[in-house]
Amino acid sequence: MIQVVQTDAFAHGLNSLADIKAVARICARIRRLYFTRRGKTIVLLLCGGDKRTQSKDVKAAQTMVKEI
């Protein structure tokens, strides 16, 4: 059984988007996620951004991995 848990920050960010097409693109991309394993748990790391902020976003994801 897979349990999906999302942070409040992710839920708030997704729900605050007015652009329905952007929401659809985000949901479609969730299938191609950055993840890490912690025992039997798979942790998905979602960080928003674009090419301009990609380096910062990758560092943020790496920081999240260390915090988990």
Original post:
Nearest heavy-atom pair of G13 and S16: which atoms, and what distance?
Top reply: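 Taking every non-hydrogen atom into account, O-OG, 2.9 Å.
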Original post:
If you draw a 6.0 Å radius around CG in N15, do more than 12 non-hydrogen atoms from other residues or ligands fall strictly inside?
Top reply: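 More than 12 heavy atoms, drawn from other residues, nucleotides or ligands, come within 6.0 Å of this atom.
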Original post:
Measuring from K21:NZ to I26:CD1, what's the distance to the nearest 0.5 Å?
Top reply: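 The CD1 atom of I26 is 14.5 Å from NZ of K21, to the nearest 0.5 Å.
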